[in-house]
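The shown structure was predicted, so the numbers you read here are calculated from the model rather than taken from an experiment.
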2 protein chains.
Amino acid sequence: MAHITTSIEYGIHCLLWLVGSGDRAMSSRDLAELQGVSPSFLAKIFPKLEKAGIVAASEGVRGGYRLARPADAISFLDIVDAIEGEKPLFDCQEVRERCALFAGGTPAWATDGVCAVHAVMLQAEKAMRDALAAQSLQDVATRFGRKVPDDFFGSVEAWVGDRISGRTGRARPARESPG
Amino acid sequence: MAHITTSIEYGIHCLLWLVGSGDRAMSSRDLAELQGVSPSFLAKIFPKLEKAGIVAASEGVRGGYRLARPADAISFLDIVDAIEGEKPLFDCQEVRERCALFAGGTPAWATDGVCAVHAVMLQAEKAMRDALAAQSLQDVATRFGRKVPDDFFGSVEAWVGDRISGRTGRARPARESPG
DNA sequence: ATAACGCGGACTAGTACACTCCGCGTTTGA
DNA sequence: TCAAACGCGGAGTGTACTAGTCCGCGTTAT
């Protein structure tokens, strides 16, 4: 099991689909089905991204989400903190205060400053956060864009457009007709 | 809650007490009571440190643990891995394979190499592990030693010696007598 | 007016962590 | 020699968090 959860993983993958989708909003359900993950679970993640100012929501029938700012201004750290809520890597139990030799009262020198063990963990956490902060959504999207075949994003556009118009009845009235 | 657990915290604090205690073994119960933590819980942690070659155990009535190698050859990363077992920071769900556009078969270009999101997380994990590997037990013990008053380690020696001899009856036969 | 949206609360199953308890074999010292 | 102090390991227990579902609400386009 991991400290960086699957919620974060799903969130990042969704945001990557939103990079370059311009002003067209995508619903969380479409993003879920496009990626083969649980729609109801994704629906729990997006409000967190919205409260953090990473995506902007539009309500109503053609509503959905789009990036609230340029993809190069959204770091992986932003996303992790938005979804997980800045949970520390390490939760210091202040063992140093409980030494048996301090029966009755802990001396001042023992609790002065940050616990030495805690300090090491904070340093490690900072190293991790710095690494996450150094990667933007745009970086990874660009890296991914170089891998895909030329017609891929065209296919995605078609798939999304097909779904929206299919639901609102402007096109494809035949398939999956009720009854 | 934290990914670096309290087991690791307790383990590190114990090992710090063992730095400089030379060839005298300390029992896990003494280490627990010296620090005010659960003896039975500590007893679950030490066998992991022993299997990892960080401490050496001696059995029997005056048995206990001592460091298996010099404190400057034991890094925080060694301890974390010994107790937690090298759990990854991130568990990739391979979302990229499940794209709805890949109905039936995922193309080779999509699964080529490491997932781009996973790659970022691996980089962040490496940054954290490097930071932990850069800190040795000796580093922190030295840093702590500069904080304590001159007679502190003497008091510790006395406390430990008192406990051992008190239990085996060589001294202090009076206090806490039964009945 | 209906249906697709986002929103949020309540709920569930599984798992991990912190912690306890017990019984075993080993070793020492009274 | 026998009890007590050790380490060792397995089997628990309670709590908390994660992943995931379900429902009803207000909003909005067709």
Side-chain angles (χ1 to χ4, degrees), chain A residues 1-11 14 24-33 36-51 55-66 83-85 87 90-91 93 95 163-171 173 178, chain B residues 1-11 14 24-33 36-51 55-66 68 83-85 87-88 90-91 93 95 163-171 173 178:
Chain A
M1 201 56 49
H3 181 238
I4 294 187
T5 61
T6 55
S7 290
I8 291 171
E9 182 174 12
Y10 291 171
C14 287
R24 188 192 58 245
M26 281 185 75
S27 73
S28 69
R29 174 179 295 169
D30 279 357
L31 284 165
E33 297 189 10
V37 303
S38 157
S40 55
F41 190 45
L42 267 199
K44 305 255 79 174
I45 298 171
F46 268 97
K48 298 178 183 176
L49 294 172
E50 204 242 330
K51 284 195 191 69
V55 297
S58 50
E59 290 197 327
V61 62
R62 286 248 191 166
Y65 298 95
R66 55 192 171 72
I83 297 176
E84 215 165 52
K87 288 184 190 165
F90 177 74
D91 179 27
Q93 304 294 310
V95 173
R163 291 202 102 232
I164 296 176
S165 52
R167 268 197 302 267
T168 52
R170 205 162 63 193
Chain B
M1 203 55 51
H3 181 239
I4 293 186
T5 61
T6 56
S7 290
I8 292 171
E9 183 174 12
Y10 291 170
C14 287
R24 187 191 61 244
M26 281 185 75
S27 73
S28 68
R29 174 180 295 171
D30 279 357
L31 284 164
E33 297 188 12
V37 303
S38 158
S40 54
F41 190 46
L42 266 199
K44 304 258 78 174
I45 297 171
F46 268 98
K48 298 177 183 177
L49 294 171
E50 204 243 330
K51 284 194 191 70
V55 297
S58 51
E59 290 197 328
V61 62
R62 286 246 189 170
Y65 298 96
R66 53 191 174 73
I83 296 176
E84 213 165 53
K87 288 181 188 166
F90 176 75
D91 179 27
Q93 304 293 313
V95 173
R163 290 205 102 232
I164 295 177
S165 52
R167 267 198 301 269
T168 52
R170 206 161 61 193

Are B:Glu33 and B:Arg163 ion-paired here, with the side-chain N under 4.0 Å from a carboxylate O? yes

Please tell me which of the listed nucleotides, D:dC8, C:dG6, D:dG20, lies nearest to the side chain of A:Ala57? C:dG6

Taking B:Gly64's backbone N and O only, do any of them form a donor-acceptor pair with B:Ser58's side chain (distance below 3.5 Å, no angle check)? yes

Is a donor on one side and an acceptor on the other found under 3.5 Å between the side chain of B:Thr6 and the backbone of B:Glu9? no

A:His3 NE2 to D:dA16 P, straight-line distance once rounded to whole Å: 17 Å

Taking atom C1' of C:dA4 as reference, at what distance in whole Å does atom CZ of A:Arg62 sit? 10 Å

Within less than 4.0 Å of OP1 or OP2 of D:dT18, is there a side-chain N or O belonging to A:Ser7? no

Whole-Å gap separating P (C:dG6) and CZ (A:Arg29): 9 Å

Short side-chain N/O contact to D:dT18 OP1/OP2 from A:Thr6, under 4.0 Å: no

Taking only side-chain nitrogens and oxygens of A:Tyr10, does any of them come within less than 4.0 Å of OP1 or OP2 of D:dG20? yes

Of B:Gly60 and A:Ser40, whose closest DNA chain D nucleotide lies nearer the 5' terminus? B:Gly60

Taking only the side-chain heavy atoms of A:Ser38 (C-beta and beyond), determine which of C:dA4, D:dT21, C:dC7 contains the nearest atom. D:dT21

Closest to the B:Phe41 side chain, choosing from D:dC6, C:dT20, C:dT28: C:dT20

Of the listed nucleotides C:dC17, C:dG6, C:dT26, the one nearest the side chain of B:Lys87: C:dC17

Side chains of A:His3 and A:Glu84: does their closest heavy-atom pair fall under 4.5 Å? yes

Starting from P on C:dC7, measure out to CZ on A:Phe46 and report it in whole angstrom. 10 Å

Rounded off to whole Å, could you give me the CD-to-C1' distance for the A:Glu9 and D:dG20 pair? 15 Å

Does A:Lys44 get its side chain close enough to the base of C:dG6, under 3.5 Å, for a donor-acceptor pair? no

Any side-chain to backbone donor/acceptor pair from B:Ser28 onto B:Ala43? Under 3.5 Å, distance only. no

Is A:Ser58 close enough to C:dG6 that one of its side-chain N or O atoms is under 4.0 Å from OP1 or OP2 there? no

Output yes when at least one side-chain N/O atom of A:Lys48 is less than 4.0 Å from OP1 or OP2 of C:dG6, else no. no

Whether A:Lys51 contacts C:dG8 is assessed here as follows: a side-chain N or O lying under 4.0 Å from the phosphate OP1 or OP2. Is that the case? yes

Using whole Å, report how far CG of A:Leu31 lies from P of C:dA4. 17 Å

Out of C:dG25, C:dC7, C:dA18, which has the shortest distance to the side chain of B:Thr5? C:dA18

Tell me the interatomic distance from B:Arg163, atom CZ, to D:dA4, atom P, rounded to whole angstroms. 17 Å

Gap between atoms CG and P, on B:Leu42 and D:dA5 respectively (whole Å): 18 Å

Quick one, B:Leu49 and B:Ile83 - any side-chain contact, counting heavy atoms below 4.5 Å? yes

